2 protein chains.
Amino acid sequence: MRRAHHPATGELSLPEVMAALSDPLRIGLVRVLADGAERGWGELRAPVAKSTLSHHLRVLRDAGVTRTRQEGTRCFVTLRRQDLDERFPGLVGALLEAAGAENVGSGVYLAPGADSTAACP
Amino acid sequence: MRRAHHPATGELSLPEVMAALSDPLRIGLVRVLADGAERGWGELRAPVAKSTLSHHLRVLRDAGVTRTRQEGTRCFVTLRRQDLDERFPGLVGALLEAAGAENVGSGVYLAPGADSTAACP
DNA sequence: TTCGTTGTTCGTCGAATATCGAACAAGCTA
DNA sequence: TAGCTTGTTCGATATTCGACGAACAACGAA
(Lines give C-alpha, C1' and ligand atoms only; values in the text may rest on other atoms or scores of the structure.)
Protein backbone atom coordinates (compact mmCIF):
# COMPACT_ATOMS: atom_id res chain seq x y z
CA MET A 1 0.00 0.00 0.00
CA ARG A 2 1.87 2.99 -1.28
CA ARG A 3 1.69 6.35 0.42
CA ALA A 4 -1.23 8.24 -1.03
CA HIS A 5 -0.86 11.68 -2.51
CA HIS A 6 -2.96 14.51 -1.20
CA PRO A 7 -2.95 17.85 -2.99
CA ALA A 8 -2.43 20.90 -0.80
CA THR A 9 -5.36 23.22 -0.32
CA GLY A 10 -3.83 25.71 -2.70
CA GLU A 11 -3.40 23.07 -5.37
CA LEU A 12 -7.05 22.10 -5.64
CA SER A 13 -8.28 22.34 -9.21
CA LEU A 14 -11.86 23.36 -9.76
CA PRO A 15 -12.36 21.27 -12.93
CA GLU A 16 -10.77 18.26 -11.26
CA VAL A 17 -12.97 18.61 -8.19
CA MET A 18 -16.04 19.02 -10.37
CA ALA A 19 -15.09 15.92 -12.33
CA ALA A 20 -14.55 13.96 -9.15
CA LEU A 21 -18.01 15.00 -8.00
CA SER A 22 -19.75 14.09 -11.25
CA ASP A 23 -20.09 10.36 -10.60
CA PRO A 24 -23.12 9.11 -8.68
CA LEU A 25 -21.10 6.64 -6.68
CA ARG A 26 -18.57 9.26 -5.68
CA ILE A 27 -21.36 11.67 -4.78
CA GLY A 28 -22.71 8.91 -2.59
CA LEU A 29 -19.37 8.55 -0.87
CA VAL A 30 -19.25 12.28 -0.21
CA ARG A 31 -22.75 12.14 1.21
CA VAL A 32 -21.74 9.36 3.58
CA LEU A 33 -18.78 11.41 4.72
CA ALA A 34 -20.73 14.64 4.89
CA ASP A 35 -21.20 14.59 8.66
CA GLY A 36 -17.48 15.14 9.03
CA ALA A 37 -16.81 11.89 10.83
CA GLU A 38 -13.87 9.76 9.89
CA ARG A 39 -14.95 6.48 8.38
CA GLY A 40 -13.12 3.23 7.99
CA TRP A 41 -12.67 1.93 4.47
CA GLY A 42 -14.33 -1.27 5.57
CA GLU A 43 -17.43 0.54 6.73
CA LEU A 44 -18.15 1.80 3.25
CA ARG A 45 -20.61 -0.24 1.25
CA ALA A 46 -21.19 0.27 -2.46
CA PRO A 47 -22.56 -2.00 -5.19
CA VAL A 48 -19.20 -2.40 -6.95
CA ALA A 49 -16.12 -4.58 -6.66
CA LYS A 50 -13.63 -3.47 -4.06
CA SER A 51 -11.09 -2.61 -6.73
CA THR A 52 -13.65 -0.28 -8.25
CA LEU A 53 -14.39 1.27 -4.88
CA SER A 54 -10.67 1.74 -4.36
CA HIS A 55 -10.51 3.47 -7.73
CA HIS A 56 -13.27 5.91 -6.85
CA LEU A 57 -11.74 6.70 -3.48
CA ARG A 58 -8.49 7.36 -5.25
CA VAL A 59 -10.15 9.80 -7.65
CA LEU A 60 -11.66 11.67 -4.72
CA ARG A 61 -8.36 11.67 -2.88
CA ASP A 62 -6.33 12.81 -5.89
CA ALA A 63 -8.77 15.64 -6.50
CA GLY A 64 -8.42 16.69 -2.88
CA VAL A 65 -12.01 15.95 -1.93
CA THR A 66 -11.12 13.40 0.73
CA ARG A 67 -8.18 12.62 2.94
CA THR A 68 -7.01 9.10 3.65
CA ARG A 69 -5.19 8.16 6.82
CA GLN A 70 -3.51 4.84 7.19
CA GLU A 71 -3.28 2.95 10.44
CA GLY A 72 -1.72 -0.44 10.20
CA THR A 73 -3.46 -2.22 7.38
CA ARG A 74 -6.55 -0.11 7.69
CA CYS A 75 -7.50 3.17 6.06
CA PHE A 76 -9.72 5.90 7.36
CA VAL A 77 -11.34 8.46 5.14
CA THR A 78 -12.56 11.98 5.84
CA LEU A 79 -14.11 14.69 3.74
CA ARG A 80 -11.85 17.73 3.37
CA ARG A 81 -14.80 20.00 3.90
CA GLN A 82 -12.87 22.87 5.37
CA ASP A 83 -10.26 22.94 2.62
CA LEU A 84 -12.93 22.74 -0.04
CA ASP A 85 -15.00 25.49 1.54
CA GLU A 86 -11.95 27.67 1.74
CA ARG A 87 -11.19 27.38 -1.92
CA PHE A 88 -14.66 26.87 -3.36
CA PRO A 89 -17.09 28.44 -0.88
CA GLY A 90 -20.54 26.93 -0.96
CA LEU A 91 -19.79 24.38 -3.62
CA VAL A 92 -19.85 21.26 -1.47
CA GLY A 93 -22.84 22.53 0.49
CA ALA A 94 -24.82 23.11 -2.68
CA LEU A 95 -23.83 19.71 -4.01
CA LEU A 96 -24.82 17.94 -0.82
CA GLU A 97 -28.15 19.69 -0.68
CA ALA A 98 -28.93 18.89 -4.29
CA ALA A 99 -27.73 15.32 -3.93
CA GLY A 100 -29.88 14.87 -0.87
CA ALA A 101 -32.95 16.21 -2.61
CA GLU A 102 -32.35 14.01 -5.64
CA ASN A 103 -31.16 11.05 -3.61
CA VAL A 104 -28.08 10.73 -5.79
CA GLY A 105 -25.63 8.03 -4.82
CA SER A 106 -28.05 6.21 -2.57
CA GLY A 107 -26.32 2.94 -3.40
CA VAL A 108 -23.52 3.94 -1.05
CA TYR A 109 -24.06 3.44 2.66
CA LEU A 110 -22.31 2.56 5.87
CA ALA A 111 -22.04 -0.97 7.14
CA PRO A 112 -24.90 -1.61 9.56
CA GLY A 113 -23.85 -1.11 13.13
CA ALA A 114 -20.89 1.00 12.18
CA ASP A 115 -20.49 4.05 14.37
CA SER A 116 -18.14 6.93 13.88
CA THR A 117 -17.01 6.61 17.47
CA ALA A 118 -16.24 2.97 16.92
CA ALA A 119 -14.03 3.55 13.91
CA CYS A 120 -10.91 2.94 15.96
CA PRO A 121 -11.75 0.29 18.58
CA MET B 1 -29.30 22.06 -38.28
CA ARG B 2 -31.54 19.72 -36.38
CA ARG B 3 -33.82 20.89 -33.62
CA ALA B 4 -31.89 20.77 -30.39
CA HIS B 5 -33.14 18.90 -27.37
CA HIS B 6 -33.51 20.70 -24.08
CA PRO B 7 -34.27 18.74 -20.92
CA ALA B 8 -37.12 20.06 -18.80
CA THR B 9 -36.26 21.59 -15.46
CA GLY B 10 -37.46 18.50 -13.69
CA GLU B 11 -35.28 16.28 -15.81
CA LEU B 12 -31.98 17.87 -14.91
CA SER B 13 -29.51 15.30 -13.62
CA LEU B 14 -27.05 16.39 -10.98
CA PRO B 15 -24.21 14.10 -12.12
CA GLU B 16 -24.76 15.15 -15.72
CA VAL B 17 -24.72 18.84 -14.81
CA MET B 18 -21.60 18.34 -12.72
CA ALA B 19 -19.91 16.52 -15.59
CA ALA B 20 -20.87 19.28 -17.99
CA LEU B 21 -19.33 21.81 -15.62
CA SER B 22 -16.10 19.90 -15.14
CA ASP B 23 -14.39 21.06 -18.32
CA PRO B 24 -12.42 24.32 -18.27
CA LEU B 25 -13.69 25.38 -21.66
CA ARG B 26 -17.29 24.76 -20.70
CA ILE B 27 -16.77 26.59 -17.42
CA GLY B 28 -15.46 29.46 -19.51
CA LEU B 29 -18.59 29.42 -21.62
CA VAL B 30 -20.75 29.51 -18.53
CA ARG B 31 -18.74 32.43 -17.20
CA VAL B 32 -19.27 34.34 -20.40
CA LEU B 33 -23.00 33.70 -20.17
CA ALA B 34 -23.15 34.40 -16.46
CA ASP B 35 -24.54 37.92 -16.81
CA GLY B 36 -27.74 36.42 -18.12
CA ALA B 37 -27.54 38.06 -21.50
CA GLU B 38 -28.28 36.10 -24.61
CA ARG B 39 -25.20 35.67 -26.76
CA GLY B 40 -24.84 34.83 -30.40
CA TRP B 41 -22.90 31.70 -31.25
CA GLY B 42 -20.66 33.80 -33.42
CA GLU B 43 -19.73 36.07 -30.55
CA LEU B 44 -18.19 33.21 -28.63
CA ARG B 45 -14.45 32.85 -28.98
CA ALA B 46 -12.55 29.82 -27.76
CA PRO B 47 -9.17 28.32 -28.71
CA VAL B 48 -10.68 25.26 -30.40
CA ALA B 49 -12.09 24.33 -33.80
CA LYS B 50 -15.67 25.34 -34.37
CA SER B 51 -16.75 21.72 -34.45
CA THR B 52 -15.25 21.28 -31.01
CA LEU B 53 -16.99 24.40 -29.76
CA SER B 54 -20.22 23.07 -31.18
CA HIS B 55 -19.64 19.85 -29.28
CA HIS B 56 -19.10 21.61 -25.97
CA LEU B 57 -22.17 23.76 -26.44
CA ARG B 58 -24.10 20.61 -27.13
CA VAL B 59 -22.89 19.01 -23.91
CA LEU B 60 -24.02 22.07 -21.97
CA ARG B 61 -27.34 22.12 -23.76
CA ASP B 62 -27.99 18.40 -23.31
CA ALA B 63 -27.22 18.69 -19.62
CA GLY B 64 -29.68 21.56 -19.35
CA VAL B 65 -27.10 24.17 -18.46
CA THR B 66 -27.79 26.37 -21.46
CA ARG B 67 -30.64 27.00 -23.84
CA THR B 68 -30.18 27.48 -27.56
CA ARG B 69 -32.56 29.48 -29.67
CA GLN B 70 -32.41 29.41 -33.41
CA GLU B 71 -33.20 32.36 -35.60
CA GLY B 72 -32.66 31.83 -39.25
CA THR B 73 -29.19 30.40 -39.62
CA ARG B 74 -28.04 31.89 -36.35
CA CYS B 75 -28.11 30.52 -32.84
CA PHE B 76 -28.37 32.39 -29.59
CA VAL B 77 -27.34 30.91 -26.29
CA THR B 78 -28.42 31.67 -22.75
CA LEU B 79 -27.57 30.27 -19.35
CA ARG B 80 -30.52 28.51 -17.71
CA ARG B 81 -29.65 30.12 -14.44
CA GLN B 82 -33.15 30.16 -13.03
CA ASP B 83 -33.83 26.52 -13.82
CA LEU B 84 -30.51 25.47 -12.37
CA ASP B 85 -31.01 27.51 -9.23
CA GLU B 86 -34.42 25.99 -8.79
CA ARG B 87 -33.14 22.46 -8.90
CA PHE B 88 -29.65 22.92 -7.50
CA PRO B 89 -29.73 26.04 -5.34
CA GLY B 90 -26.40 27.78 -5.03
CA LEU B 91 -24.50 25.40 -7.23
CA VAL B 92 -23.98 27.66 -10.22
CA GLY B 93 -23.28 30.63 -7.99
CA ALA B 94 -20.59 28.76 -6.11
CA LEU B 95 -19.11 27.51 -9.35
CA LEU B 96 -19.01 30.96 -10.88
CA GLU B 97 -17.43 32.48 -7.82
CA ALA B 98 -14.77 29.79 -7.65
CA ALA B 99 -14.15 29.92 -11.37
CA GLY B 100 -13.77 33.68 -11.19
CA ALA B 101 -11.30 33.47 -8.35
CA GLU B 102 -9.27 30.81 -10.12
CA ASN B 103 -9.72 32.35 -13.54
CA VAL B 104 -10.83 29.01 -14.94
CA GLY B 105 -11.83 29.00 -18.59
CA SER B 106 -10.21 32.30 -19.36
CA GLY B 107 -9.55 31.12 -22.90
CA VAL B 108 -13.20 31.74 -23.68
CA TYR B 109 -14.29 35.29 -24.36
CA LEU B 110 -16.66 37.39 -26.39
CA ALA B 111 -15.77 38.77 -29.78
CA PRO B 112 -14.44 42.29 -29.33
CA GLY B 113 -17.13 44.88 -29.83
CA ALA B 114 -19.90 42.39 -29.29
CA ASP B 115 -22.67 43.74 -27.12
CA SER B 116 -25.60 41.91 -25.67
CA THR B 117 -27.93 44.57 -26.99
CA ALA B 118 -26.43 44.19 -30.42
CA ALA B 119 -26.99 40.45 -30.61
CA CYS B 120 -29.97 40.93 -32.91
CA PRO B 121 -29.30 43.97 -35.08
C1' DT C 1 7.17 -18.09 10.18
C1' DT C 2 2.85 -18.86 8.33
C1' DC C 3 -1.74 -17.23 7.74
C1' DG C 4 -5.49 -14.10 7.24
C1' DT C 5 -7.05 -9.36 6.62
C1' DT C 6 -7.03 -5.13 4.10
C1' DG C 7 -6.62 -2.18 0.38
C1' DT C 8 -3.86 -1.11 -3.76
C1' DT C 9 -2.23 -2.04 -8.26
C1' DC C 10 -2.28 -4.41 -12.75
C1' DG C 11 -4.16 -5.97 -17.03
C1' DT C 12 -7.99 -5.79 -19.68
C1' DC C 13 -12.33 -4.65 -21.70
C1' DG C 14 -15.99 -1.69 -23.65
C1' DA C 15 -17.88 2.85 -23.50
C1' DA C 16 -17.43 7.62 -23.36
C1' DT C 17 -14.81 12.03 -24.36
C1' DA C 18 -12.05 15.61 -26.77
C1' DT C 19 -10.28 17.03 -30.86
C1' DC C 20 -9.79 17.98 -35.73
C1' DG C 21 -10.98 18.63 -40.72
C1' DA C 22 -14.32 17.76 -44.15
C1' DA C 23 -18.82 17.38 -45.62
C1' DC C 24 -23.37 18.83 -45.03
C1' DA C 25 -27.92 21.40 -44.33
C1' DA C 26 -30.61 25.47 -43.73
C1' DG C 27 -31.48 29.86 -44.50
C1' DC C 28 -30.17 34.67 -46.46
C1' DT C 29 -28.56 37.38 -50.45
C1' DA C 30 -27.17 38.74 -54.89
C1' DT D 1 -30.57 29.95 -59.25
C1' DA D 2 -26.10 30.38 -57.43
C1' DG D 3 -23.41 31.67 -53.86
C1' DC D 4 -22.46 32.92 -48.87
C1' DT D 5 -22.87 32.40 -43.97
C1' DT D 6 -23.63 29.66 -39.99
C1' DG D 7 -23.61 25.85 -37.18
C1' DT D 8 -24.18 20.83 -37.06
C1' DT D 9 -22.85 16.28 -38.16
C1' DC D 10 -19.63 12.76 -39.73
C1' DG D 11 -15.61 10.03 -39.58
C1' DA D 12 -11.16 9.25 -37.64
C1' DT D 13 -7.96 9.33 -33.68
C1' DA D 14 -6.24 9.47 -29.26
C1' DT D 15 -7.25 9.59 -24.64
C1' DT D 16 -9.70 8.75 -20.54
C1' DC D 17 -13.06 6.39 -17.60
C1' DG D 18 -15.54 2.79 -15.13
C1' DA D 19 -15.70 -1.84 -14.30
C1' DC D 20 -13.99 -6.46 -13.13
C1' DG D 21 -10.93 -10.28 -11.41
C1' DA D 22 -6.42 -11.53 -10.16
C1' DA D 23 -2.18 -10.65 -8.22
C1' DC D 24 0.29 -8.16 -4.90
C1' DA D 25 2.07 -5.73 -0.63
C1' DA D 26 1.82 -4.52 4.17
C1' DC D 27 0.64 -5.48 8.53
C1' DG D 28 -1.31 -8.09 12.61
C1' DA D 29 -2.27 -12.51 14.60
C1' DA D 30 -1.61 -17.40 15.51
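Sequence lines set the chain letters: A, B, ... in the order given, protein chains first and strands last, and positions in each chain run from 1. The structure presented is a predicted model; accordingly, all values stated were derived computationally and were not measured.
In this structure, CZ of Arg69(A) is placed 12 Å from P of dG7(C), rounded to the nearest angstrom. Atom CG of Leu44(A) and atom P of dT8(C) are 11 Å apart (whole Å). Between the C1' atom of dT6(C) and the CG atom of Leu53(A) lies a distance of 12 Å, rounded to the nearest Å. Counting to the nearest Å, the C1' atom of dC27(D) and the CZ atom of Phe76(A) are 13 Å from each other. For Leu57(A) and dG7(C), the CG to P distance is 10 Å, given to the nearest whole Å. Going from atom NE2 of His56(A) over to atom C1' of dT9(C) covers 16 Å, rounded to whole Å. Going from atom CD of Gln70(A) over to atom C1' of dC27(D) covers 9 Å, rounded to whole Å. Protein atom CG of Leu60(B) is 13 Å distant from nucleotide atom P of dT17(C), rounded to whole Å.
Partners of Asp83(B) under the side chain to side chain donor-acceptor pair (under 3.5 Å) rule, at least two apart in sequence or in another chain, are Thr9(B), Arg67(B), Arg80(B). With sequence neighbours excluded, the residues satisfying side-chain contact (heavy atoms from CB on, under 4.5 Å) with Glu11(A) are Pro7(A), Ala8(A). With sequence neighbours excluded, the residues forming a side-chain contact (heavy atoms from CB on, under 4.5 Å) with Ala63(A) are Glu16(A), Ala20(A), Val65(A), listed by chain and number. Taking Pro15(B) as the reference, Pro24(A), Ile27(A), Val104(A), Ser13(B) meet the side-chain contact (heavy atoms from CB on, under 4.5 Å) condition, with sequence neighbours excluded.
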Point to revise | Residues Glu43(B), Trp41(B); criterion side-chain contact (heavy atoms from CB on, under 4.5 Å); working and verdict | key: CA-CA 5 Å; Glu43(B) 294 179 69; Trp41(B) 208 104; over 6 Å; no
Item to complete: Report the C-alpha separation of Thr68(A) and His5(A) in whole Å, then their side-chain angles, then the decisive distance to 0.1 Å, and conclude whether the side-chain contact (heavy atoms from CB on, under 4.5 Å) test is met.
Response: CA-CA 9 Å; Thr68(A) 296; His5(A) 171 68; over 6 Å; no
Apply side-chain contact (heavy atoms from CB on, under 4.5 Å) to the pair Thr78(A) and Thr66(A), showing each step before the final yes or no.
CA-CA 5 Å; Thr78(A) 51; Thr66(A) 60; over 6 Å; no
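Close to dG28(D), at under 4.0 Å from its OP1 or OP2, lies no side-chain N or O of Arg74(A). Between Arg58(A) and dG7(C) there is no side-chain N or O to OP1 or OP2 distance below 4.0 Å. Listed pair Trp41(A) / dT8(C) meets the phosphate criterion, a side-chain N or O lying under 4.0 Å from OP1 or OP2.
Heavy atoms of His55(B) sit under 4.0 angstrom from at least one base atom.
Of all the heavy atoms in Gly64(A) and Leu84(A), the pair that sits closest is O-CD2, 4.1 Å.
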Only pairs under 3.5 Å count here: list side-chain donor-acceptor contacts from residues 88-102 of chain B, not counting sequence neighbours, and write none if there are none.
from, atom 1, to, atom 2, distance (Å)
Glu102(B), OE1, Arg87(A), NH2, 2.4
Glu102(B), OE2, Arg87(A), NE, 3.0
Glu102(B), OE2, Arg87(A), NH2, 3.0

Could you go through residues 50-61 of chain A and list every donor-acceptor pair under 3.5 Å that involves a side-chain atom there, pairing it with any protein atom two or more places apart or in another chain?
from, atom 1, to, atom 2, distance (Å)
His56(A), ND1, Arg26(A), NH1, 3.0
Arg58(A), NE, Asp62(A), OD2, 3.4

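Using a 4.0 Å cut-off on heavy atoms, none of the residues of residues 16-29 of chain A approach DNA chain C.
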Any protein N or O atoms within reach of nucleotides 11-15 of chain C? Criterion: under 3.5 Å, listing atom names and distances.
none

Taking only nitrogen or oxygen atoms into account, show me every contact under 3.5 Å that the protein makes with nucleotides 11-15 of chain D, one pair per line with its distance.
none

Could you list all N or O pairs between the protein and nucleotides 20-24 of chain D that sit under 3.5 Å apart?
from, atom 1, to, atom 2, distance (Å)
dC20(D), OP2, Ala49(A), N, 2.8
dC20(D), OP2, Thr52(A), OG1, 3.0
dG21(D), N7, Ser51(A), OG, 3.2
dG21(D), O6, Ser51(A), OG, 3.1

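Terminal axes of the helix from dT1(C)-dA30(D) to dA30(C)-dT1(D) (five pairs each, C1' rotation axis) are separated by 0°, to the nearest 10°.
Formation of a donor-acceptor pair under 3.5 Å by the Arg45(B) side chain with backbone atoms of Gly42(B) is found in this model.
Salt-bridge check for Arg39(B) with Asp35(B): passed, with a basic side-chain N closer than 4.0 Å to an acidic carboxylate O.
Contact of the Val108(A) side chain with the Leu44(A) side chain is not registered, since no non-hydrogen atoms from C-beta on lie closer than 4.5 Å.
Residues Leu110(A) and Leu79(A) are members of one and the same hydrophobic cluster, defined by side-chain heavy-atom contacts under 4.5 angstrom among Ile, Leu, Val, Met, Phe, Trp and Tyr. Linking Ile, Leu, Val, Met, Phe, Trp and Tyr whenever their side-chain heavy atoms come within less than 4.5 Å leaves Val30(A) and Tyr109(A) in two separate clusters.
Side-chain atoms of Thr73(A) lie closest to dC27(D) of the nucleotides dT8(D), dG18(D), dC27(D).
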